[in-house]
Amino acid sequence: MPELPEVEVVRAGLEPAVTGATVASVTVYDERSLRRHSGPSEDFVDRLTGRRMLAPQRRGKFLWIPLLTPEFPKEALVVHLGMSGQVLLRDRDTDDPLTRVRLELDSPSAGPAPRAPTAHRPLRLNFVDQRIFGSMAIDELVPALDHPSQQVPSSVSHIARDPMDELFDERRFFSLLARKNTTIKRALLDQTLVSGIGNIYADESLWGARVHYEQPTATLSRAKGTLLLSEVRAVLAQALAEGGTSFDTQYLNVNGVSGYFAHSLKVYGQQGRPCPRCGRPVVREQFMNRGSHFCPFCQRVR
DNA sequence: CCGGACTCCTGGTTGC
DNA sequence: TGCAACCAGGAGTCCG
């Protein structure tokens, strides 16, 4: 479900509430949500309980909260929302259906309620996930391959930087596009080439750049590639500014509020409706076992 | 290396 | 109205 803008909305929403917070207790309601954790759920609970949290970080669609140890942060709580995951910040007496993991926190300041003047207030973090494709895990932090003074969870180190990241390696991206024998939408969805893009924003960006999803990357001109990357950035930035895309209550921010970008979608889910540029009908085709939405007139393989 | 099939799941929507 | 089929923002593995 959630792509970069939605995950970033969650990260930013968590930041003021969890930075400096202490984990008072952890309850695992469904062990399947710990599939990516390398030990039993007791190990997950033990390694999280009593720890202090640092500022949440993100790479692509992966989110993590470094955990302070007496020495230095060397572990993090890694969260992936999968298709249907949510992180909700609640008062200590609020329940959410489909909560798979719950953390009770002592938060230093702000939360969903009006700011309390007291130094520490109780806060509940509910990890909600209908389909259980998302996960929580405690993972070791390792130096980032391209920037060893930064740390990333070991399970995230193979993920490329996202196109909004200052250290995104544009030269590497274009050189891989030129070298690989694949098509452009596959490449946009390949999180080891560029991260954060999912099915919605891939379709929206390709429409913006007038590129067909099956355009071979090797024959994509450098000018088109540059245009496409700028469309990706523009679409992600606008979606972030609008709080992400919510079709229903499947995606909500940490306060349970929907995003507005669904109103701005040009082709995703718009099959049969007129292309906003040329007026011809938007088409949906099956691709990679999911839908690809595009305008056959504006977007052609060339 | 590449692509397709298949896996992990639940619940809302669609269509007969 | 009832129920089955279909659909969904992701990502990993395996096999040919």
Side-chain angles (χ1 to χ4, degrees), chain A residues 1-10 29-38 58-63 78-87 96-101 127-137 139 153-160 162 175-205 213-214 216-218 232 235-236 239-240 242-253 258-265 267-272 284-293:
Chain A
M1 130 204 214
E3 307 180 32
L4 183 153
E6 293 78 28
V7 180
E8 177 57 22
V9 166
V10 170
Y29 296 99
D30 196 321
E31 302 206 353
R32 295 174 297 178
S33 289
L34 303 184
R35 192 173 302 130
R36 287 162 165 271
H37 183 74
S38 59
R58 182 187 55 76
R59 182 178 285 197
K61 305 170 194 172
F62 286 83
L63 177 65
V78 182
V79 182
H80 195 282
L81 301 177
M83 293 280 263
S84 55
Q86 300 175 17
V87 179
D96 290 292
L98 304 173
T99 296
R100 310 301 187 185
V101 181
F127 178 68
V128 172
D129 190 7
Q130 180 198 112
R131 295 177 71 183
I132 322 184
F133 290 169
S135 62
M136 282 186 150
D139 193 18
S154 63
S155 56
V156 177
S157 63
H158 66 296
I159 301 292
D162 69 62
S175 118
L176 286 168
L177 286 190
R179 202 182 325 158
K180 288 178 81 74
N181 180 19
T182 190
T183 51
I184 189 61
K185 185 168 174 182
R186 275 178 195 287
L188 290 178
L189 295 177
D190 181 344
Q191 305 295 304
T192 68
L193 300 182
V194 56
S195 69
I197 305 166
N199 205 35
I200 298 177
Y201 301 116
D203 284 358
E204 292 296 304
S205 305
Y213 65 92
E214 290 196 288
T217 59
V232 166
V235 167
L236 294 177
L240 178 58
E242 296 182 17
T245 302
S246 301
F247 298 123
D248 48 36
T249 55
Q250 283 288 300
Y251 165 69
L252 302 171
N253 71 13
S258 296
Y260 289 95
F261 191 74
H263 302 293
S264 304
L265 293 171
V267 286
Y268 186 88
Q270 308 303 306
Q271 57 272 24
R284 179 185 193 272
E285 285 180 1
Q286 203 70 16
F287 177 69
M288 293 174 75
N289 268 332
R290 53 222 308 215
S292 258
H293 311 74

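These numbers were taken from a predicted model, which means no experiment stands behind them. Naming convention: chains lettered A, B, ... in sequence-line order (proteins, then strands); numbering from 1 in each chain. Values reported hereafter were calculated over all heavy atoms of this structure, with side chains retained and with hydrogens, waters and symmetry mates removed.
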(request) Could you check whether Phe133(A) and the base of dG10(C) form a stacked pair, meaning centres closer than 5.5 Å and planes differing by less than 30°? (result) yes

(message) Taking 5.5 Å and 30° as the limits, would you call Phe247(A) and the base of dG9(C) a stacked pair?
(response) yes

(request) Work out which heavy atom in Gly244(A) is nearest to a heavy atom in Tyr251(A); give both atom names and the distance. (result) CA-CE2, 4.3 Å

Rounding to an integer number of angstrom, what distance separates [N] and [M] when you compare their [atom1] atoms?
N: dT10(B); M: dT13(C); atom1: C1'; value: 22 Å
N: dA4(C); M: dC9(B); atom1: P; value: 22 Å
N: dA5(B); M: dC7(C); atom1: P; value: 15 Å
N: dT1(C); M: dG11(B); atom1: P; value: 23 Å

With a 4.5 Å limit on heavy-atom distance, are the side chains of [X] and [Y] in contact?
X: Val7(A); Y: Phe62(A); result: no
X: Val10(A); Y: Leu63(A); result: yes
X: Arg36(A); Y: Val78(A); result: no

(message) Test your reading of the model: is there a side-chain donor-acceptor pair from Ser246(A) to the backbone of Ser258(A), 3.5 Å cut-off?
(response) no

(message) Treating Arg35(A) as the side-chain partner and Phe133(A) as the backbone partner, does any N or O pair qualify as donor plus acceptor under 3.5 Å?
(response) no

Expressed as a whole number of angstroms, how long is the span from [X]:[atom1] to [N]:[atom2]?
X: Gln286(A); N: dC6(C); atom1: CD; atom2: C1'; value: 11 Å
X: Ile159(A); N: dG10(C); atom1: CD1; atom2: C1'; value: 11 Å
X: Asn199(A); N: dC7(C); atom1: CG; atom2: P; value: 14 Å
X: Arg290(A); N: dC6(C); atom1: CZ; atom2: C1'; value: 16 Å
X: Gln271(A); N: dC7(C); atom1: CD; atom2: P; value: 11 Å
X: Glu3(A); N: dA11(C); atom1: CD; atom2: C1'; value: 13 Å
X: Tyr251(A); N: dG10(C); atom1: OH; atom2: C1'; value: 16 Å

(message) The criterion is ring pair (Phe, Tyr, Trp, His ring centres under 6.0 Å); which residues satisfy it with Tyr268(A), sequence neighbours excluded?
(response) Phe247(A), His293(A)

(request) Could I get the full list of ring pair (Phe, Tyr, Trp, His ring centres under 6.0 Å) partners for Tyr213(A), not counting sequence neighbours? (result) Phe287(A), Phe294(A)

(message) Looking only at the side chains, is there a donor atom on one of Asp162(A) and Ser195(A) sitting less than 3.5 Å from an acceptor on the other?
(response) no

Please tell me if [X] has a side-chain N or O lying less than 4.0 Å from either OP1 or OP2 of [N].
X: His158(A); N: dA11(C); answer: no
X: His80(A); N: dG10(C); answer: no
X: Lys61(A); N: dG9(C); answer: no

(message) Reading DNA chain B from 5' to 3', where do the contacts with chain A start and stop? Cut-off is 4.0 Å to heavy atoms.
(response) dC2(B) to dG11(B)

(request) Tell me which residues in residues 181-193 of chain A put a heavy atom below 4.0 Å from DNA chain B, sorted by number, or none. (result) Asn181(A), Thr182(A), Arg186(A)

(message) Suppose the criterion is salt bridge (charged side-chain N to carboxylate O under 4.0 Å, His left out): which pairs have a residue in residues 187-196 of chain A, not counting sequence neighbours?
(response) none

(message) Base, sugar-phosphate or nothing for Tyr268(A)? Non-hydrogen atoms, less than 4.0 Å.
(response) sugar-phosphate

(message) Here's a test of your reading of the structure: between Arg179(A) and Asn289(A), which maps to the more 5' nucleotide of DNA chain B?
(response) Arg179(A)

(request) Report the secondary structure of DNA chain B in dot-bracket form, marking unpaired bases with a dot and bases paired to a different strand with |, and treating Watson-Crick or G-U pairs with both distances under 3.5 Å as paired. (result) .|||||||.|||||||

(message) Can you confirm whether more than 12 heavy atoms, excluding those of Tyr29(A), are under 6.0 Å from its OH atom?
(response) yes

(request) Take Arg58(A) and Glu8(A), measure what salt bridge (Lys or Arg N to Asp or Glu O under 4.0 Å) needs, and give me the verdict at the end. (result) CA-CA 7 Å; Arg58(A) 182 187 55 76; Glu8(A) 177 57 22; 2.8 Å; yes

(message) Could you measure the distance from the OG1 atom of Thr245(A) to the CD1 atom of Ile200(A)? Nearest 0.5 Å is fine.
(response) 4.5 Å

